[in-house]
Amino acid sequence: METRRVLIPIDNTETAAHVIKFASTILNKGDEIILFHVYSSIYDQSDSILTGKYQEAILALTDENQRVAQELLKKHIQSLLDMGYNARGIIQSGNIKELIDDTIQKEKIDLIVMGKRSGLNPVHRLLLGSVSSHVLNSCHVPVLIVP
C-alpha cells in the first residue's frame, strides 16, 4: 500500500474536529497527515504606518492568534498520533486560498480532506467564495469534502 500525503485544512470550529474524526476512519495508518491552519494576522491587514500603542496592540492580537493556532494544531495532531497516525502541522498567516495552493504544490499532496463551511450566506458565498469551492476548482488532486 502506497503512502499518501493528505492535507487537512482546519480552523477553530467543531467542523474541523468532525473532519479529522472522519478522515481517521478512511485513511491508512501509514498515510502522512498534514494539518494546515491559516490564522489571521491583523498586522498584515493593517496600515504599516501605525506606530506606538496601536502597533503594539495589533502585534499583541497577531501573537494571540498565532498562539491559539499552535494550541489548536497541537491538540489535533496529538489526537491523530494517539490513534497511531503519522501527523504534523503547518501554521501560516496570510491569504488562505493562496497558501493552500502553495502548500499543495510544496508538500506534494495526494489527497485533500476538508470540511465545508455552512456559515456563509448566499451573498457572502457569491462575493467571497468559500475555501472549499476554491480548492475544488483550482487544485489538481482529489478532494474529499466532509459535510
Open item on the list: Regarding Glu71 and Lys75, does a basic nitrogen lie under 4.0 Å from an acidic carboxylate oxygen?
Closed with: no

Task: Side chain to side chain, Glu107 and Leu7, heavy atoms closer than 4.5 Å - done: no

Task: Pair Arg4 + Glu32: basic N to acidic O under 4.0 Å - done: no

Task: Ile109-Ile145 co-clustered via ILVMFWY side chain contacts under 4.5 Å - done: yes

Open item on the list: Within this structure, what is the OG1-CG distance for the pair Thr3 and Asn86, rounded to the nearest 0.5 Å?
Closed with: 8.5 Å

Task: Test item: Asp31 side-chain N/O and Ile33 main-chain N/O as donor-acceptor pair under 3.5 Å - done: no

Open item on the list: Quick one, Ile34 and Val6 - any side-chain contact, counting heavy atoms below 4.5 Å?
Closed with: no

TODO: Would you give the length of the straight line joining atom CG of Asp82 to atom CD of Gln78, rounded to the nearest 0.5 angstrom?
DONE: 4.5 Å

Task: Sequence-distant partners of His134, side-chain hydrogen bond (donor to acceptor under 3.5 Å, both in side chains), two or more places apart - done: Asp101, Ser138

Task: Backbone N/O of Ser24 and side chain of Tyr85: donor-acceptor pair under 3.5 Å - done: yes

TODO: Measure the shortest side-chain to side-chain distance between His37 and Leu72 over non-hydrogen atoms and say whether it is less than 4.5 angstrom.
DONE: yes

Task: Any donor-acceptor N/O pair, His18 side chain to Pro147 backbone, under 3.5 Å - done: yes

- [ ] Can you measure from CZ (Phe36) to CG (Asp11) and round to the nearest 0.5 angstrom?
- [x] 12.0 Å

